[in-house]
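The structure appears right after this line, and notes come after that.
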Amino acid sequence: MTEAPVGTSSPRSRENTRARLMAAASEVFAESGLDGASVEAISERAGFTRGAFYSNFATKEELFAGMMQRVSEQKLERVSSRIRELEDEGAAQASPADIVMRVLDLEGEDRAGIVLMSEIRTNAMRDRRLASAYLEWQEAMVGRVTGIIADLATRYGLRLRLPAADAARMLIQNWDSAAVHAVIADLDADATLRLVAERTAMLASAIADGPID
């Protein structure tokens, strides 16, 4: 078992340690749940000691907050990349549903990630420390998605039927609801992607009109 030197590791080494701890936490959580995912089990799975864990995260809740941030940043970066690809292809006459479908990061969804976020939400209702981290993360997500929606509306001449921030909240909530339903219904990966895509496209059509002539 290895230990990251406290206060002497390079930024790259520290980031690698944090990434390994987060990856291990995802695996342990999938096996034991959020409450059962102990610091000891996470550290051992990552190949570190408790000292390495606590040199990177003050608490288990802080680790899960970091996981939320990392996942959302990766997802939003993939969405931004697809938007750039859409610009290169040219989609001036695409409908709101078409645009949303083409920029969605559907391949990034997986059962473990959906279950993790649902478990974190459930625990946030009982733990005020986790609740604060979750709400902060949620508002950051809404802010980023709001910017994406406003940018798409301007770029492709879409008419939003409600403020971009409200549209962002609805899309995020709709996405979460569809993904959770897919897990409860025990849908396979392809069926999950279809369900999330269909529901998101329907909502996009409801909250925005097509390109302005």
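In this text the structure is predicted, and so the values were computed from the model without any measurement.
Tyr54 places a side-chain heavy atom less than 4.5 Å from the side chain of Val39. The shortest side-chain heavy-atom distance between Thr59 and Glu62 falls under the 4.5 Å cut-off. For the pair Leu162 and Met170, the minimum side-chain heavy-atom distance is below 4.5 Å. Taking the side chain as every heavy atom from C-beta outward, Asn123 and Tyr134 never approach each other to under 4.5 Å.
Within 6.0 Å of CD on Glu40 lie more than 12 heavy atoms contributed by other residues, nucleotides or ligands. Other residues, nucleotides and ligands contribute more than 12 heavy atoms inside 6.0 Å of the CZ atom of Arg121.
Separating the OG1 atom in Thr200 from the CG atom in Leu195 is a distance of 8.5 Å, to the nearest 0.5 Å. Expressed to the nearest 0.5 Å, how far NZ of Lys60 lies from CG of Leu63 amounts to 9.5 Å. Annotation: the span from Arg20 atom CZ to Ile42 atom CD1 amounts to 14.0 Å, rounded to 0.5 Å. Considering OG1 of Thr17 and CZ of Phe48, their distance stands at 4.0 Å, rounded to 0.5 Å. Between the CZ atom of Phe64 and the OG atom of Ser26 there is a distance of 7.5 Å, given to the nearest 0.5 Å. In this structure, Met141 CE and Glu139 CD are separated by 11.5 Å, a value rounded to the nearest 0.5 Å.
Taken together through direct or relayed side-chain contacts under 4.5 Å among Ile, Leu, Val, Met, Phe, Trp and Tyr, Ile120 and Val180 form part of one hydrophobic cluster. Residues Val115 and Leu187 are members of separate hydrophobic clusters, defined by side-chain heavy-atom contacts under 4.5 angstrom among Ile, Leu, Val, Met, Phe, Trp and Tyr. No single ILVMFWY cluster, assembled from side-chain heavy atoms under 4.5 Å apart, contains both Met125 and Leu135. Met202 and Leu193 fall into different hydrophobic clusters, defined by Ile, Leu, Val, Met, Phe, Trp and Tyr side-chain heavy atoms under 4.5 Å apart, directly or through other members.
Considering every non-hydrogen atom in both Ala37 and Ser32, the closest pair reads N-CB, 4.2 Å. Across Ala124 and Ala131, no two heavy atoms sit closer than the pair O-CB, 3.1 Å. Shown here for Ser205 and Arg161, the closest heavy-atom pair between the two residues is O-NH1, 3.0 Å. The two residues Leu21 and Ala46 make their nearest non-hydrogen contact at CD2-CB, 3.9 Å.
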Check against side chain to side chain contact (heavy atoms under 4.5 Å, CB included), Ile149 and Leu171: CA-CA 10 Å; Ile149 291 173; Leu171 284 167; 3.6 Å; yes
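Arg50 places no side-chain N or O within donor-acceptor distance of the main-chain N or O of Ser43, the cut-off being under 3.5 Å. Side-chain N or O atoms of Ser177 include none that pairs as donor or acceptor with a backbone N or O of Gln173 at under 3.5 Å. Listed for the Arg18 side chain is no donor-acceptor partner under 3.5 Å among the backbone atoms of Phe57. Proximity of a side-chain donor or acceptor of Thr146 to a complementary backbone N or O of Val142 within less than 3.5 Å is detected.
Remark: Phe29 pairs with no residue by the ring pair (Phe, Tyr, Trp, His ring centres under 6.0 Å) rule, at least two apart or across chains.
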